[in-house]
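Here is the structure we will look at.
Just so it is clear: chains get the letters A, B, ... in the order the sequence lines come, proteins before strands, and each one is counted from 1.
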There are 2 protein chains.
Amino acid sequence: MLSNSSKYALKAVLYLALHTDENNKMMVKDFSERINVPKAYIAKLLQELAKRKIISSAKGPYGGFYITESNKKHTIMEIIEIIDGKKRIESCMLGLEDCNEKKPCPIHSLISPSRSKMIALLKSKTIDDLAKDLELNKVFLPV
Amino acid sequence: MLSNSSKYALKAVLYLALHTDENNKMMVKDFSERINVPKAYIAKLLQELAKRKIISSAKGPYGGFYITESNKKHTIMEIIEIIDGKKRIESCMLGLEDCNEKKPCPIHSLISPSRSKMIALLKSKTIDDLAKDLELNKVFLPV
DNA sequence: TCTTAAATATGATTAATATCATGTTTTTAG
DNA sequence: CTAAAAACATGATATTAATCATATTTAAGA
């Protein structure tokens with residue numbers, strides 16, 4: 001479904017959403033273990049997300065990664081698309097180039113409604129939404 | 001979602017379901033192009049499915065792969081599980097070991113209903129079901 | 001029984017992902 | 001202005017998935 005990279009990135013972003021803000025940045029080495037992702041690996045992914053303005057970062061002493069209220073407005077799907085690309089999540093389940101609603105392949109036809117629903121949810125939910133769910137202990141982030 | 005291997009296998013099985021039976025076998029070289037999958041690659045996959053009795057095969061002259069009525073009772077999910085393994089399709093979307101209905105991760109909670117629905121469909125639909133849809137031109141199998 | 005034609009079994013190669021490592025740039029504070 | 005600390009940029013390595021190749025086994029028909 002998602003690549004390891006996307007999974008790692010999502011875990012990291014949600015962790016940062018809960019534990020950081022403009023005045024409380026976190027260095028990679030201080031949370032990579034907490035989310036059970038190799039330091040160098042998650043660093044690379046977060047650098048990409050920072051470049052794309054999904055999260056924030058500051059170099060130098062007292063620097064680190066952090067997430068602002070504005071960052072929190074970005075959706076889960078945006079993160080997935082930056083890391084995995086649009087194709088991975090939306091392409092035909094049989095890998096057929098010409099599969100579409102008008103001329104669906106057998107699997108497309110079968111799972112299209114639930115699949116569309118899933119994609120719509122990932123597109124509508126923001127980092128903030130999920131962070132709130134975590135804060136209310138409605139959901140969890142075990143390692 | 002699915003590996004290339006699963007996609008290829010499903011395409012091949014459906015193609016065979018439409019074009020073969022006990023008395024009309026097909027050799028790999030006669031359909032690998034039709035489904036746009038490398039010959040040696042699909043051969044290997046089908047050998048595995050034949051070993052697991054999802055499809056049928058006969059060696060020697062006039063041999064080939066074919067699908068019996070009995071083969072057609074197998075589900076789509078069985079094929080996916082043989083090729084990709086159960087884990088790929090059913091594991092947590094964040095890759096969390098301890099994620100489950102009782103203690104769901106944020107993504108799990110979000111997409112669980114649609115995801116379960118998808119899995120249920122793949123488990124309930126048989127090769128025969130999809131082959132019939134194809135025969136009735138309700139769905140298509142472009143290359 | 002011999003030849004030929006097919007799948008089968010096995011393994012080699014290639015390509016894509018995942019992972020790790022490190023020198024460069026920026027920023028802070030003394 | 002300098003030293004240290006952080007992300008940043010880049011690329012190297014390792015692992016896994018995809019693809020290709022081939023010798024072996026089995027079956028059909030002459």
Next on the checklist: Counting only side-chain heavy atoms from C-beta out, which of dC20(D), dA6(D), dT19(C) sits nearest to Met27(A)?
Outcome noted: dA6(D)
Item to check | Any Lys29(B) side-chain N or O less than 4.0 Å from OP1/OP2 of dA6(C) | outcome: yes
Checklist entry - Does a nitrogen or oxygen in the side chain of Ser57(A) sit under 4.0 Å from OP1 or OP2 of dC8(D)? => result yes
Item to check | Selection: residues 59-67 of chain B, any non-hydrogen atom under 4.0 Å of DNA chain D | outcome: Lys59(B), Gly60(B), Pro61(B), Tyr62(B)
Output the rounded distance in Å from [atom1] ([X]) to [atom2] ([N]).
X	N	atom1	atom2	result
Lys25(A)	dA5(D)	NZ	C1'	14 Å
Tyr8(B)	dA17(D)	OH	C1'	11 Å
Glu48(A)	dA18(C)	CD	P	15 Å
Lys39(B)	dA6(C)	NZ	P	10 Å
Leu49(B)	dA9(C)	CG	C1'	16 Å
Gln47(B)	dT25(D)	CD	P	15 Å
Ile42(B)	dA21(D)	CD1	P	17 Å
Leu46(B)	dT8(C)	CG	P	9 Å

Checklist entry - Are the charged groups of Glu90(A) and Lys123(A) less than 4.0 angstrom apart, N to O? => result yes
Checklist entry - Salt bridge between Lys132(B) and Glu135(B), side-chain N to carboxylate O under 4.0 Å? => result no
Item to check | Distance (rounded to the nearest 0.5 Å) between Met77(B) CE and Ser6(B) OG | outcome: 10.0 Å
Checklist outcome for this item: The reported gap from NZ in Lys117(A) to CD1 in Ile111(A) (rounded to nearest 0.5 angstrom) is 16.0 Å
Using modelled atom types only, decide if a donor and an acceptor are shared between the side chain of [X] and the backbone of [Y] within a distance under 3.5 Å.
X	Y	value
Asp133(B)	Pro106(A)	no
Arg88(B)	Met1(B)	yes
Lys25(B)	Glu22(B)	yes

Item to check | Under 3.5 Å side-chain donor-acceptor pair for Ser5(B) and Tyr41(B) | outcome: yes
Checklist entry - So what does Ala58(B) hit on the nucleic acid, given a heavy-atom distance under 4.0 Å: a base, only sugar-phosphate, or nothing? => result sugar-phosphate
Next on the checklist: Under 4.0 Å, counting only non-hydrogen atoms across every strand here, what does Lys7(A) touch: a base, just sugar-phosphate, or nothing?
Outcome noted: nothing
Checklist outcome for this item: In B/S/- notation (B base, S sugar-phosphate only, - none; protein heavy atoms under 4.0 Å), nucleotides 11-17 of chain C written 5' to 3' is B------
Next on the checklist: With side chain to side chain donor-acceptor pair (under 3.5 Å) as the test, pick out the partner of Ser56(A) among Asp21(A), Thr20(A), Asn71(A).
Outcome noted: Asn71(A)
